[in-house]
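Side chains included, hydrogens not; waters and symmetry mates left out as well; all remaining heavy atoms used.
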Amino acid sequence: MNNKEEEQDVTASFNRNEPDIASSSSVGYSGYGEYFHNKELQQLESDVQFRQKYQKEHRVSNPTLFQGCTIYVNGRTNPTRFQLHKLIILHGGTFKHYLSGKTAVTHILATELNASKKSSFANFKVVSPEWVTESIARGKLLPWQDFRIVQVSRLQGKITDFATVRNCMDPNFINAFFKSSRLHHLSNWKFQLRDNFVKEFILSYNDTIPDQKYVYFHIDFDCFFAQVSAKIDGKYDIHATPIAISHGINNSDISSCNYVARSFGVYNGMWVSSALKLCPDLKILDYEFDEYEAISNLFYSALKDIGIFKMVLPISIDEAIGCMLITPDITSELLTQKCMQVRNAVYNVTQGYSVSVGCGPSVLLARLALRKGKPNGFHISWFDTVTECHAFIDHFKLKDLPGIGYSTDLKIKEQFGNVQNISDLRDLLERPSNVSKLIKVIGSKNTKKLQIYLDGKDDDESISMVKDPHTYFQKKSLSVEINYAIRFKTIDDVDIFLERLALHLWEKLRDSNLMTRQITLKLMKRAQGAPVDPPKFMGMGKCDALSKVSNLGTNTQKFGTIASECKTLFRILSVPPEEVRGIGIQFHRLTDSNQKVGQKSEQREITTDLFRKRDHPDDDITNEPSKVAEPHTPVNPTYTSPVKNYWDRHLKRSITPFQYDFPDQLDPEFMSNLPKDVQEEITSHHKVVKKANRSLRTKLYDDPRKQIKQTQDLHFIHDGRLVPQLSFQGLSSAKQISETLIDWVDATVEDGPHEKDLELFTSYLDKLAEQGRCHIILHLIKTIKNRVDDHYNANHEGLEQWEYFLIRRLIPILNKAKPDVKFNLVFDL
DNA sequence: CAAACACCTTAG
DNA sequence: CATCGCTAAGGTGTTTG
């Protein structure tokens, strides 16, 4: 099995030998139990057949390694369950797909066990998959005890059971929440699938793809969660019992329900309480996230192994688009055959899960066909005439079109009255006046997209997904948000939580080898008049969404910078902590951190020499969070932060660009009357607020010494032309500007300069650069550099920021302005 | 008038 | 006891400079 070719060969023959039993609902069985029993027998038989065939083809004798072992694989493993299945049966073992059968399982393979699995598997030999691979490698059955999965809680060291996590200030809250959040899982799975796609794409498509035409197959599980959870639960017939997946019993979302339940009017997204009114017999089952992932892996490997797709585009955990190269001999018979082949392959590889397939000449038509094919079937939208195509599209509802959601649907109906089917919209848009009305309501791009869809064609986004999937699936932003169970009492709570949330996102940034240059903080604020306790337990209720971006001016992967920026942004948004119902952080404008700054261009490498004597790292990549905030334990239950009181006192007057008028200096008398720990609390808080408030603009205008003299519109002669005299902060003489810069550096050695000021200053230099006035730029940079050097012994964080600013933004301006100038000019500084 | 920004919408 | 309302991307309208 060490041989790569042999391994591939195994995969191919493994699939060929699966019994062809997937002719959808026509499988004859009288009850679930019997079906289950038959299914298992068939599987056993096929395993044995496969083993025999393999032995014959490869002339190997009867394997005995795992003889007598009946093995079940739990959760996500490496190698995958699919691969382990092959390994086990090829070496004489028996593979069990379910634990619910009568035959005793001798071993369970798992990488980790959660608390509930730990207790339910207590009487089994639970081992890691290495037991299988190592045994095969050594050619003998190794003692299972050496591969025993001891305790997961020891491995993870965290209590992530939501029931034991008291509230959002619990250090394990974020983990506990995400572990149970279906939406988090959906997003995360998508992230992984896209990531894998991009990685595989580089390997398998490094040759440029010719401008190919495809036939698209949109493949989607029928009520995925419901199917999988029902199979795990094992008690109900998915075709006879109404089933829904949800956490709770009352105001809890139904994430997936089967078609029996839908026949009662139940739908996804409905609360359990209302669903039960429609369908009192509805069975509510739990999520089985590990199993969803395992089945999805089988699903994707099945799609790749069929061999009819040039490319399989990941849409989600249970949904993919297969792209088949178009050939001249395409017939509807051929497409029919391919659809059935896909359905059978998935059914067999996943051991009994049904998918539906939609097939068409565009991504859009494949999607609409899928809708028609559901459930447990397929449909092909292949038309000879435009009229036929229009007729097909016309009978769908507006909301069936991708991109038309609840809100857009409503807007269109409000504008045009009751537009039921797409045909109604087609008729409306015959008149140009209606087209402009539609543009007013949903915008020009959306209108254009709709018009393209009316012809059964793909919009630009779908085209770019298909033509340039590598770019399309590349990550452009990273974010995290939690809008559930968020309840804060003090600004301190917020800071601690923000730090944890930032840590979560920072880890993703680090793991993806990325740096960010722009951070957004997003808050959900309890809407005016909304009840403090919303109908849904711990829910966010009706909220207003607020957000604020911050440009860092440099690419960073520094946890400290990121966390402190988030805290600053929170203060700028000025939402009282107790009104916060949701909180999120986003990173935008990402760059690759592997691409070492110095490598990129000769210029940068040389410019870093400017500061070489300081022996500083030349990028922002060193960044381990020094310590993760631990929760402050309240002194007593009625404890309210003195920071909040202090804050409230200054909340009344609001005159600055920011909503808070915070004193520049802390009142010493006020401070000295406070206990020491409270003093510290205020000082640290004050520091962050100071940064939020600090802006060179406001500061300078407030400062009477720096009252701006109105400069006359003088012009300097440069390069034989008249150029307008530039000014920075209303100051125009070089001397005045230098003084300002020195003050600026002095004022910001501790906390670093404010981004707004940096931008202001850079744009001033840019203008100078445009005019080729390098000597002035040089002079100004030199002024800053000298002043920063003067402060060097102070060892403040702000100095670092100044350095980065000089290297990253000022020197490039200089280089750009005079590319022919030798770099020793820079050294003349 | 382009870029930046805040906010909205969608999908699964 | 309840309950686990995420996240990336594209669009729109307004402000800014």
Side-chain angles (χ1 to χ4, degrees), chain A residues 160-163 165 168 173-191 193-194 220-221 224-225 246-253 255-256 268-269 271-273 286-287 289 314-320 367 399 401-411 439-449 459-461 464-465 472-486 505 508 518 520-522 524 533-551 573 581-582 584-590 759-760 763 767:
Chain A
T160 51
D161 183 5
F162 215 56
V165 169
C168 70
F173 170 77
I174 295 175
N175 281 327
F177 173 71
F178 282 156
K179 205 180 117 188
S180 307
S181 162
R182 72 184 200 278
L183 291 172
H184 170 76
H185 277 104
L186 281 173
S187 292
N188 221 25
W189 286 326
K190 189 166 177 167
F191 173 88
L193 286 165
R194 285 174 166 228
D220 180 59
F221 276 83
F224 184 56
F225 286 7
S246 177
H247 277 299
I249 55 169
N250 215 331
N251 296 340
S252 167
D253 274 11
S255 65
S256 170
N268 296 347
W271 275 355
V272 173
S273 50
D286 223 336
Y287 292 91
F289 293 117
I315 302 298
S316 76
I317 179 96
D318 66 333
E319 197 177 334
R367 175 186 288 272
K399 272 212 67 179
L401 291 174
I404 309 283
Y406 169 81
S407 173
T408 312
D409 189 51
L410 201 72
K411 282 175 189 163
I439 291 175
K440 275 226 173 74
V441 179
I442 64 169
S444 60
K445 286 251 178 67
N446 288 331
T447 303
K448 194 184 157 211
K449 187 160 87 173
D459 63 311
D460 290 349
E461 202 195 331
S464 85
M465 174 177 75
Y472 182 83
F473 288 118
Q474 207 112 46
K475 193 128 227 165
K476 285 136 212 135
S477 74
L478 273 180
S479 72
V480 63
E481 69 187 83
I482 299 184
N483 302 309
Y484 180 78
I486 297 298
L505 194 57
K508 237 171 149 175
Q518 190 179 63
T520 305
L521 185 75
K522 184 183 165 204
M524 302 301 287
D533 280 321
K536 188 192 188 85
F537 174 69
M538 284 283 116
M540 64 183 202
K542 194 171 172 247
C543 283
D544 297 323
L546 308 168
S547 67
K548 177 81 189 145
V549 304
S550 162
N551 281 292
L573 282 171
R581 288 287 178 276
I585 304 171
Q586 300 161 14
F587 294 160
H588 297 280
R589 303 177 64 188
L590 305 174
E759 272 163 23
L760 194 70
S763 76
K767 280 172 195 151

Just the rounded figure in Å: distance from P of C/dG11 to CG of A/N446. 7 Å
Between A/Q518 and B/dC5, is there a contact of a side-chain N or O with OP1 or OP2 at under 4.0 Å? yes
Checking side-chain polar atoms at under 3.5 Å, does A/S181 have a donor or acceptor matched by the opposite partner on A/Y484? no
Whether over 12 other heavy atoms sit under 6.0 Å from A/K536 NZ: yes
Please tell me which of A/S252 and A/T447 maps to the more 5' nucleotide of DNA chain C, matching each residue to the nucleotide holding its nearest heavy atom. A/S252
Look at all strands and tell whether A/S246 reaches a base, only sugar-phosphate, or nothing, counting heavy atoms closer than 4.0 Å. nothing
Can you name the salt bridge (Lys or Arg N to Asp or Glu O under 4.0 Å) partners of A/R182, sequence neighbours left out? A/D253
Can you check side-chain contact (heavy atoms from CB on, under 4.5 Å) on A/I482 and A/F178, steps first, answer last? CA-CA 9 Å; A/I482 299 184; A/F178 282 156; 3.8 Å; yes
What is the nucleic acid contact for A/H247, judged by heavy atoms within less than 4.0 Å: base, sugar-phosphate only, or nothing? base
Under a 3.5 Å cutoff, is there a donor and acceptor pairing between the side chains of A/S246 and A/S252? yes
Determine, step by step, whether A/L573 and A/L521 satisfy the side-chain contact (heavy atoms from CB on, under 4.5 Å) criterion, reporting the C-alpha distance in whole Å, the side-chain angles of both residues, the deciding distance to 0.1 Å, and the verdict. CA-CA 9 Å; A/L573 282 171; A/L521 185 75; 4.0 Å; yes
Just how far, in rounded Å, is P of C/dA8 from CZ of A/F587? 11 Å
Using a cut-off of 4.0 Å on non-hydrogen atoms, how would the nucleic acid contact of A/E461 be classed: base, sugar-phosphate, or nothing? sugar-phosphate
Which residues in residues 477-485 of chain A have at least one heavy atom lying under 4.0 Å from any atom of DNA chain C? A/S477, A/L478, A/S479, A/V480, A/E481, A/I482, A/N483, A/Y484
Base contacts versus sugar-phosphate-only contacts with protein, heavy atoms under 4.0 Å: please encode nucleotides 7-12 of chain B as B, S and - from 5' to 3'. S-SSSB
Start with the C-alpha gap between A/K179 and A/F162, add the side-chain angles, then the distance that decides, and say whether side-chain contact (heavy atoms from CB on, under 4.5 Å) holds. CA-CA 9 Å; A/K179 205 180 117 188; A/F162 215 56; over 6 Å; no
A/V441 or A/G539: which one's nearest nucleotide on DNA chain C is closer to the 5' end? A/G539
Using a heavy-atom cut-off of under 4.0 Å over every strand shown, decide if A/F178 touches base, sugar-phosphate, or nothing. sugar-phosphate
Give one of base, sugar-phosphate or nothing for A/G269, where a contact means two heavy atoms less than 4.0 Å apart. nothing
What is the distance from CZ of A/F289 to C1' of C/dT3, rounded to the nearest Å? 12 Å
Provide, to the nearest angstrom, the distance between the OH atom belonging to A/Y287 and the C1' atom belonging to C/dG5. 11 Å
Nearest 0.5 Å please: distance from the NE2 atom of A/H184 over to the CZ atom of A/F289. 9.5 Å
Do any side-chain nitrogens or oxygens of A/K536 fall under 4.0 Å of OP1 or OP2 in C/dC4? yes
To the nearest angstrom, the CG-C1' distance between A/N250 and C/dC4 comes to 15 Å
Donor-acceptor contact present, side-chain A/H588 to main-chain A/V549, <3.5 Å: no
Flag, side chain of A/S273 to backbone of A/N250, donor-acceptor distance under 3.5 Å: yes
Phosphate contact (C/dC4 OP1 or OP2) by A/H184 side-chain N/O below 4.0 Å: no
Atom pair distance, as rounded to whole Å: CD1 in A/I486 and P in C/dT3: 18 Å
Length of the CD-P vector between A/Q586 and C/dT7, whole Å: 11 Å
Could you check whether A/N188 gets within reach of a base, just the sugar-phosphate, or nothing at all, counting any heavy atom under 4.0 Å? nothing
What is the distance from CD1 of A/I585 to P of C/dC6, rounded to the nearest Å? 14 Å
Would you say B/dA6 has OP1 or OP2 under 4.0 Å from some side-chain N or O of A/T520? no
